[in-house]
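Atoms considered below: every heavy atom in the structure, side chains included; atoms not considered: hydrogens, waters and symmetry mates.
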Amino acid sequence: MSKSFSAFGLAVSAVVLTCLPATAQTKVTNEGISASEIVVGTHQDLSGPIKGWGVPVSNGMKMAVEEINAAGGVNGRKIRLVVEDSGYDPKKAVLASQKLIERDKIFAMVGPMGSPTVLAAQDILLDAGVLQLFPLTAAEFTFKFDPAKPQERLKFNNLLPYVESTRAALKYMMEWKNFKKPCIMHQDDEYGKNVLDGFNQQLTAMKVQPASITSYKRGASDFSAQIAKMKSDGCDLVVLGAVLREPIGAMTEAKKLGWDVTFLGATPTNVMEVPMLGKEAVEGLYAASGFEIPYEDTAKGKVKDWLVNYKKMFGTDANTQAIIGYNAMMTFAFYAQKAGKDLTGQKMLDSLESGEKFLDIFNSPPTKFSKTDHLANTITQVQQVKGGRWVLVKDNLMF
């Protein structure tokens, strides 16, 4: 038992024992389940450097909860979502998670935001037997688990993993454009390290040496030194292990220097705000992605209706982040429904590992887990900014 579990004084009576295929046991909580509701929690960046992700994600989650509850809930139980602000600060994420576990008695943590923040709070959840579901990070620690460490069985991820998606997109770009001197600029945290790992692994597989590797501090706004270095090193392709503002800043700096180079972003750069805010500076940017971004003027059917309803509810256009938040909650409800009317932590875990497929309305690859694989899929796209919006370049990529 970890120090965090004993320090926080979480009640042992709130935990149920379930069995792994081997002899190890996983503790899963039954807290948050009553005859009328299921309490789930999330922590988002609502005030910090990536609030452009956190706010729409939380909006998407709220929209899903409203739809689910209006349709009768999950086997008659309404979902109650408790949202906490982490400010993209690991310490705040820990405090938020403690509060959600101890005071709000959540059944599951759904869609928590950010690699460093999710990592900081992960052990607190697992020790308490709280499922960590579909976090807004595709770092490997969110889905890879050691069967000898039974609490790690509680981690599930439905996003494209950074390592694999970076590899697939980089392989495609290298072969398509015949680049010879790739380089990378990455955020100096767990997220950036995963993108760097994918970059290095793919270049090693292709027997290519990186021309330059540089990093930046999370929340930085000045990339002049990094861009100058990469230009000096003769890079012909720049991979960005960046989020939202950084691709705009990096490409703006390159244009100031008159440097005509191709940029390829990891999946978090594939959001509507990048072309909307970056305008001409980001024209031509490529990015790895998991699904085509829908635009209201071209969307049809259920997707069109969803975009219209989102705007009515929140007074702004829906974006990639809102879709991901919406899907996180819809995926939770799907597997909770499959778990049956007598919902328990054990039954929810069994449902998640059952191999049942969840299909969203956005034509994403199906979500499917098993007892040995808690990652939904690795099928990658490459999209490009053209005329101020994202356009699909290549689908169904694998490395």
Side-chain angles (χ1 to χ4, degrees), residues 49-50 52 162-163 165-189 191-271 273-289 382-388 390-391 393-394 399:
I50 59 168
Y162 298 135
V163 172
S165 59
T166 298
R167 289 193 63 175
L170 178 58
K171 179 177 185 290
Y172 171 73
M173 293 295 293
M174 292 283 289
E175 294 176 344
W176 179 35
K177 297 286 190 178
N178 197 31
F179 292 114
K180 302 296 184 184
K181 302 186 72 174
C183 58
I184 186 170
M185 185 185 90
H186 66 92
Q187 194 161 285
D188 68 341
D189 60 10
Y191 155 59
K193 180 183 180 298
N194 271 248
V195 178
L196 176 62
D197 287 346
F199 175 83
N200 284 332
Q201 288 176 24
Q202 189 55 41
L203 292 189
T204 297
M206 300 178 78
K207 298 180 180 179
V208 175
Q209 288 295 319
S212 184
I213 294 177
T214 185
S215 64
Y216 65 90
K217 295 289 185 184
R218 187 170 66 244
S221 58
D222 181 3
F223 308 100
S224 56
Q226 291 90 340
I227 294 297
K229 181 182 187 305
M230 290 187 290
K231 182 176 185 291
S232 176
D233 290 337
C235 304
D236 54 11
L237 172 67
V238 176
V239 174
L240 295 171
V243 184
L244 194 159
R245 299 177 304 177
E246 298 87 355
I248 299 171
M251 293 184 73
T252 298
E253 186 63 31
K255 282 181 167 54
K256 285 181 183 177
L257 297 179
W259 186 29
D260 185 16
V261 66
T262 300
F263 285 87
L264 170 65
T267 51
T269 68
N270 181 230
V271 294
E273 286 81 356
V274 170
M276 182 179 69
L277 299 174
K279 297 183 170 59
E280 292 82 6
V282 298
E283 276 291 310
L285 169 66
Y286 293 90
S289 63
V382 168
Q383 296 185 37
Q384 185 182 26
V385 176
K386 289 184 177 180
W390 290 100
V391 177
V393 174
K394 187 68 176 178
F399 64 85

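Across every non-hydrogen atom of Asn270 and Ala288, the tightest pair is CB-O, 3.6 Å. When all heavy atoms are compared, the tightest approach of Pro275 to Val385 is CB-CG1, 3.7 Å. Smallest separation of non-hydrogen atoms from Gly219 and Arg245: O-NH2, 3.8 Å. Val195 and Gly241 make their closest contact through CG1-CA, 3.7 Å (heavy atoms, listed as atom of the first residue, atom of the second, distance). Pairing each heavy atom of Ala220 with each of Glu246, the nearest pair is O-CG, 4.3 Å. Of all non-hydrogen atoms in Leu277 and Ile248, the two that sit nearest each other are CB-CD1, 3.8 Å.
The environment of NZ in Lys255 is crowded: more than 12 heavy-atom neighbours from other residues, nucleotides or ligands sit within 6.0 Å.
When side chains are defined from C-beta on, Gln209 does not count as touching Leu203, because their heavy atoms never get closer than 4.5 Å. No side-chain heavy atom of Thr262 sits less than 4.5 Å from a side-chain heavy atom of Val238. Side chains of Ser165 and Phe399 form no contact here, defined as non-hydrogen atoms less than 4.5 Å apart.
Judged purely by atom type and a 3.5 angstrom limit, Thr269 uses its side chain to pair as donor or acceptor with the backbone of Ala266.
Annotation: the span from Trp390 atom CH2 to Gln384 atom CD amounts to 8.5 Å, rounded to 0.5 Å. Note that the CG atom of Leu264 and the CD1 atom of Ile184 stand 9.5 Å from one another [nearest 0.5 Å]. Taking CD1 of Ile227 as the start and OG1 of Thr252 as the end, the distance is 9.5 Å to the nearest 0.5 Å. Considering CG of Leu240 and CZ of Phe199, their distance stands at 11.0 Å, rounded to 0.5 Å. The CZ atom of Arg167 sits 10.0 Å away from the CE atom of Met206 when rounded to the nearest 0.5 Å. Between atom CD1 of residue Ile213 and atom CD of residue Gln226 there is a gap of 14.0 Å, rounded to the nearest 0.5 Å.
The side-chain hydrogen bond (donor to acceptor under 3.5 Å, both in side chains) contacts involving residues 273-282 comprise Glu273-Asn319, Glu273-Gln321, where partners must be two or more places apart or lie in separate chains. For residues 231-244, every residue pair satisfying the side-chain hydrogen bond (donor to acceptor under 3.5 Å, both in side chains) rule, not counting sequence neighbours, is listed here: Ser212-Asp233, Lys229-Asp233. Residue pairs meeting the side-chain hydrogen bond (donor to acceptor under 3.5 Å, both in side chains) criterion with at least one member in residues 175-187, sequence neighbours excluded: Tyr88-Gln187, Lys171-Glu175, Asn178-Lys180, Gln187-Asp189, Gln187-Tyr216.
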*Please walk me through it: do Cys235 and Trp259 pass side-chain contact (heavy atoms from CB on, under 4.5 Å)?*
CA-CA 10 Å; Cys235 304; Trp259 186 29; 4.0 Å; yes

*Begin with the C-alpha distance, continue with both residues' side-chain angles, and end with the deciding distance and a verdict on side-chain contact (heavy atoms from CB on, under 4.5 Å) for Phe179 and Val208.*
CA-CA 10 Å; Phe179 292 114; Val208 175; over 6 Å; no

*List the steps, then state whether side-chain contact (heavy atoms from CB on, under 4.5 Å) holds for Leu237 with Val261.*
CA-CA 6 Å; Leu237 172 67; Val261 66; 5.8 Å; no

*List the steps and the verdict of side-chain contact (heavy atoms from CB on, under 4.5 Å) for Asp188 and Arg218.*
CA-CA 6 Å; Asp188 68 341; Arg218 187 170 66 244; 4.2 Å; yes

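Donor-acceptor pairing under 3.5 Å is recorded for the side chains of Ser289 and Gln383.
Proximity of the aromatic rings of Tyr286 and Phe263 is defined here by a centroid distance below 6.0 angstrom, and this criterion is not met.
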